[in-house]
Protein chains: 2
Amino acid sequence: MDDIDRTLIGLLMEDATQSYATLGKAVGLSGGAAHERVRKLRERGVIRRTTIEVDQAALGRTVSAYVLVDGGSWMGDSADLLAAIPAVEEAHVIAGPASLLLKVRTSSTKELQDVLRQVFEVHGVTGTQTVVVLETFFERTLK
Amino acid sequence: MDDIDRTLIGLLMEDATQSYATLGKAVGLSGGAAHERVRKLRERGVIRRTTIEVDQAALGRTVSAYVLVDGGSWMGDSADLLAAIPAVEEAHVIAGPASLLLKVRTSSTKELQDVLRQVFEVHGVTGTQTVVVLETFFERTLK
DNA sequence: GATGAAATATTCCTACC
DNA sequence: GGTAGGAATATTTCATC
């Protein structure tokens, strides 16, 4: 994991459709060598997968919210139960004012309400506090 | 934007290295037709770009935190000032207990402290409240 | 909009350094 | 680890429906 690997990762994050020949040129290697490095980064799990970035608003998901969850036991199957709610994008155990923090994305505030109801059904949850996003300045992936 | 488009988006989110022939077969179209649909989704901005998903921990970013910012004017150049801090992954204007919510990812708590110092330098910021992530159950992209 | 096929480009082996 | 070359595949364009 050297600077060349890090540069390759940065280039692929910007545009994963580039050819290995182009990538190689950018880091001073042959296409084959660049290909081999990327293959190993994938193999080692540094690169998890190649994916597309989708405009969530274009898919109708216009409501974003963060939900602080009180009392949810962070053991057992909480993670699975939360993962089973399709609108929950992230779930973290936190140090601070609550046990869990969720990021939720829905197509309406009504659907958000449904999600909160489902969260309440997770064992041990005693309360939620919801922070609704009014405007997103940016959501980016770090290099 | 029909069900076929939505299926194509879902398939590409899972694996954007699939050939158009494979994608076409999965939705009952020829490779050329699948290609044309994906091209239009890109053109219309529904698909923003093709990128890689990176294991942040493998890059040394092991500390994640959410920062509630009080008093930050959400007008003017706040967005630009926050975007200039490389560790800030997301910045949202929120309705609730604070003006802004940031997601921050750093390689140490010391670096997190530096970031908080930089946030304080943004015009109008009167206070911050930081929620440190202890464990991430999941971070996924919604279909 | 979709198809099928031709032209072009990329990926992915293999052999070698 | 890297290079180089070539066979196998994929992308992209285009005429046609």
Side-chain angles (χ1 to χ4, degrees), chain A residues 1-62 86 105 107 139-143, chain B residues 1-62 86 105 107 139-143:
Chain A
M1 185 61 172
D2 58 9
D3 276 342
I4 292 181
D5 283 343
R6 269 180 284 271
T7 306
L8 287 171
I9 288 171
L11 290 168
L12 285 172
M13 280 173 65
E14 275 169 29
D15 178 9
T17 66
Q18 292 173 89
S19 73
Y20 290 115
T22 306
L23 289 170
K25 211 168 286 174
V27 297
L29 289 179
S30 71
H35 183 231
E36 179 63 7
R37 277 178 177 260
V38 173
R39 194 192 61 73
K40 282 183 184 158
L41 286 169
R42 283 185 210 277
E43 192 180 67
R44 281 158 46 205
V46 178
I47 296 175
R48 288 224 184 88
R49 58 176 174 170
T50 303
T51 184
I52 53 170
E53 205 178 283
V54 174
D55 181 351
Q56 293 292 333
L59 291 181
R61 295 190 184 272
T62 51
R105 237 192 258 265
S107 52
E139 277 177 307
R140 62 187 177 187
T141 43
L142 299 182
K143 254 185 283 189
Chain B
M1 186 60 170
D2 57 10
D3 276 341
I4 292 181
D5 282 343
R6 268 180 284 270
T7 306
L8 286 172
I9 288 171
L11 290 168
L12 285 171
M13 280 173 64
E14 275 168 28
D15 179 9
T17 66
Q18 291 172 90
S19 74
Y20 291 114
T22 307
L23 289 170
K25 211 167 288 176
V27 297
L29 289 180
S30 71
H35 182 235
E36 178 64 8
R37 277 178 176 261
V38 173
R39 194 192 62 72
K40 282 181 184 157
L41 286 168
R42 282 185 210 278
E43 191 180 68
R44 282 158 45 205
V46 178
I47 296 176
R48 289 223 182 90
R49 59 176 173 170
T50 303
T51 185
I52 53 170
E53 205 177 283
V54 174
D55 181 352
Q56 294 292 334
L59 291 180
R61 295 189 184 272
T62 52
R105 237 192 258 265
S107 51
E139 277 177 309
R140 61 186 177 187
T141 42
L142 299 182
K143 257 183 285 188

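The chains referred to below are lettered A, B, ... by the order of the sequence lines, with proteins before strands, and numbering in each begins at 1.
- With rounding to whole Å, A:Lys25 atom NZ is found 9 Å from C:dT10 atom P.
- Side-chain atoms of A:Arg61 come within 3.5 Å of backbone atoms of B:Lys143 as a donor-acceptor pair (strictly under, hydrogens ignored).
- Across the protein-nucleic acid pair, B:Glu36 atom CD and C:dT3 atom P stand 12 Å apart, rounded to whole Å.
- The CG atom of B:Leu41 sits 12 Å away from the P atom of C:dG1 (whole-angstrom rounding).
- In this model, the phosphate group of D:dT11 is not approached by any side-chain N or O of B:His35 to a distance below 4.0 Å at OP1 or OP2.
- Side-chain atoms of A:Gln56 do not come within 3.5 Å of backbone N or O of A:Arg105 as any donor-acceptor pair.
- Distance from the side chain of A:Leu29 is smallest to D:dT3 among C:dT3, D:dT3, D:dA10.
- Between B:Arg49 and A:Asp15, none of the side-chain N atoms (NZ, or NE/NH1/NH2) sits under 4.0 Å from a carboxylate O, so this pair counts as no salt bridge.
- In this structure, the side chains of B:Leu29 and B:Arg37 come closer than 4.5 Å at one or more pairs of heavy atoms.
- The side chain of B:Tyr20 approaches D:dT12 more closely than any other nucleotide in the set C:dA2, D:dG2, D:dT12.
- When the nucleotides D:dT3, D:dT11, C:dT11 are ranked by their closest atom to the side chain of A:Ser19, C:dT11 comes out on top.
- Here C:dA2 is the nucleotide among C:dT11, D:dT3, C:dA2 with the atom lying nearest to any side-chain atom of B:Arg37.
- Between A:Glu43 atom CD and C:dC12 atom P there is a gap of 14 Å when expressed in whole angstrom units.
- At whole-Å resolution of the value, CG in A:Asp3 and P in D:dG1 are 15 Å apart.
- Using a 4.0 Å heavy-atom distance criterion, B:Arg39 is classed as making no nucleic acid contact.
- Looking at the side chain of B:Lys40, the nearest of the listed nucleotides C:dG1, C:dT3, C:dT10 is C:dG1.
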